[in-house]
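As the structure is a prediction and not an experimental result, all values here were calculated from the model. Chain letters run A, B, ... following the sequence lines, proteins first, then strands; residues in each count from 1.
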2 protein chains.
Amino acid sequence: MAEDSTSVVRFEPIQTRRAFEEICQRIREQVAEGRLKPGDKLPAERDLAQQLGVGRNALREALRSLEIAGIVRLRKGVKGGAFIREGDGGRMNQVVQDMFSLGSITVDELTEARLHIQELVVRLACARAADADFDALAANIDGTEEVTRSGDFLKRVECSREFYALLAAATGNDVLSMMVASLTEILMKFVYARVAAGGHPQPRLVEKRRDFLAALRARDADTASRLMKSHLESVHRLLKETPAGGRKAGPQPAGRARRASA
Amino acid sequence: MAEDSTSVVRFEPIQTRRAFEEICQRIREQVAEGRLKPGDKLPAERDLAQQLGVGRNALREALRSLEIAGIVRLRKGVKGGAFIREGDGGRMNQVVQDMFSLGSITVDELTEARLHIQELVVRLACARAADADFDALAANIDGTEEVTRSGDFLKRVECSREFYALLAAATGNDVLSMMVASLTEILMKFVYARVAAGGHPQPRLVEKRRDFLAALRARDADTASRLMKSHLESVHRLLKETPAGGRKAGPQPAGRARRASA
DNA sequence: TGCATTTAATGGTAGTACCATTTAGCATAA
DNA sequence: TTATGCTAAATGGTACTACCATTAAATGCA
């Protein structure tokens, strides 16, 4: 509209690619094309910097970025270096956590998404779970019962985390597993904070888990789904009742959130 | 078990936290506790490095990590600096892409997850979409029809991406939107590559979209879900038929994946 | 006023030096 | 021979300096 009378041609704004971006992209390409596979080792920093014709600083910033992204792992000492990592689903947890910290997503959105995706997982697991999956879940529930008797509620939260992970693994779909794990992870932090603050833990947890597993073993997807939904809703209800587990500018339950100054 | 006869006390392996990790954590805490909000500016690198008692290198590596994580944005020049960013759902795309590059997830897992989560989105959107959402979708379909007539199939892929984004936005749940967007994004890259290679684009796309929107407007979740499922299955079938869109060590469709050497 | 120039702040990069860690190799002693 | 300790080299981690490029405010000039 308000164009100058200079010319009709448009010039794309030239974006000065920073050195570390270029380096990152090149290494990512090598990985995507399969020339770099998990376990492979990149040249030493000093050598690679010279090969690329950049300073060691720029290269290190690139490697640091790749490390944060979970692409490489850096090890010190001789025989150390930058190694291509196996894919780690835990990266998504950090993304979700960051989105929450920045206020882009709310607890309600997280709980709703979890409720629905977890139902998917239950139905898929119900259809596909093998005996080994059932056994692993049963063992997990036994462990939960034990730590419940011991009164170590923090460990019980860990058992819950593992329970959902095992259930997701039974679907055989790592993408769904990863997603449900990231949702479970962040909401578990609230449960963890609640229990650590002395809140009442979920009652009758072991019984509910056993009922659920029975439905799963019977391949009764409707019942299993209903039980899971009911349980999650009660958990989420408890979370909302917790004053510390409020809505906006939520606490980082795992951090040392002391909030000393104003 | 095979314990030495030294002592019974166990020593936890001390993990030397690197400087940039400590810095990252501190800034992340400030964000999580709400003391740093989107738009806020961090001190200049030289000042902040001195405040923290670290070299500028270490601080820059921390800032670089936070930039990659989407927490801060760095701007040059006077009045530049490190600014806390708004949450960006695009981060999850990169995570999924990296997982795929590293071979941790497959196209089949992605398509399956997409199929199911997209159905969730359809049902939620069907129940909640407002008139503005319907209008936006209708406008998108009109645009799709136009670019289809123009024969610009690449632009049509962009329209499809926007279509799914609008549909997801109609759910009002940013978490689900983000997840379905990340799945759509990576699979769209394969569609993009396929079309760019001269493959036949999806036929009758606009008609199918119009039928779907009609069902959505009628709040007919079953029909809308069925139409979406049918469409996605046909798209995914086309992807599997594409020789370039194979399985293992998949290509990075958007990159310059020429695969010169063996 | 309005345009051009200068200036200062800031991120981006290169380079050097040194520290800390890790592994391998060698040497010494039991 | 075996075990222990020492030495050396490779490598990532960090600090410091210097300089460049970019940006926007301040200044100067017409």
Between [N] atom [atom2] and [X] atom [atom1], what is the distance in whole Å?
{"X": "A:Phe20", "N": "D:dA21", "atom1": "CZ", "atom2": "P", "value": "19 Å"}
{"X": "B:Arg75", "N": "D:dA24", "atom1": "CZ", "atom2": "P", "value": "9 Å"}
{"X": "B:Lys76", "N": "D:dT23", "atom1": "NZ", "atom2": "C1'", "value": "9 Å"}
{"X": "A:Arg17", "N": "D:dT22", "atom1": "CZ", "atom2": "P", "value": "16 Å"}

On DNA chain C, which is the earliest and which the latest nucleotide, 5' to 3', with an atom closer than 4.0 Å to a heavy atom of chain B? C:dA9 to C:dT21

Do [X] side-chain atoms and [Y] backbone N/O form a donor-acceptor pair below 3.5 Å?
{"X": "A:Asp133", "Y": "A:Leu166", "answer": "no"}
{"X": "B:Arg156", "Y": "B:Gly151", "answer": "no"}
{"X": "B:Asp40", "Y": "B:Lys37", "answer": "yes"}

For residues B:Asn57 and B:Glu61, is any side-chain donor paired with an opposing acceptor at under 3.5 Å?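 No pair is found: no donor N or O on one side chain lies under 3.5 Å from an acceptor on the other.
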
Going by atom types only, do B:Gln25 and B:Arg17 share a side-chain donor-acceptor pair under 3.5 Å?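 Indeed, the side chains of B:Gln25 and B:Arg17 share at least one donor-acceptor pair under 3.5 Å.
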
Could you state the interatomic distance from [atom1] ([X]) to [atom2] ([Y]), rounded to the nearest 0.5 Å?
{"X": "B:Ile68", "Y": "A:Glu67", "atom1": "CD1", "atom2": "CD", "result": "12.5 Å"}
{"X": "B:Ile84", "Y": "A:Ser101", "atom1": "CD1", "atom2": "OG", "result": "10.5 Å"}
{"X": "B:Glu109", "Y": "B:Met99", "atom1": "CD", "atom2": "CE", "result": "9.0 Å"}

Should the pair A:Arg161-A:Glu158 be classified as a salt bridge under the 4.0 Å nitrogen-to-oxygen rule?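 Answer for the salt bridge query: yes.
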
Measure from NZ or CZ of A:Arg60 to the centre of the six-membered ring of B:Phe20, then state whether that distance is under 6.0 Å and the direction lies within 45° of the axis.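 So A:Arg60 doesn't make the cation-pi contact.
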
Check DNA chain C against residues 45-70 of chain A and give the residues with a non-hydrogen atom under 4.0 Å, in numerical order. A:Arg46, A:Gly53, A:Val54, A:Gly55, A:Arg56, A:Asn57, A:Ala58

DNA chain D: 5'-proximal contact among A:Val78 and A:Leu74 (nearest heavy atom):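 Going by which nucleotide is closer to the 5' end, it is A:Val78.
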
Specify the angle, to 10°, made by the local axes at the two ends of the helix from C:dT1-D:dA30 to C:dA30-D:dT1 when five pairs are taken at each end.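 Computed from the C1' atoms at both ends, the axes differ by 10°.
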
Can you name the closest pair of heavy atoms from B:Phe100 and B:Val107 and give their distance?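 So the minimum-distance heavy-atom pair works out to CE1-CG2, 3.7 Å.
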
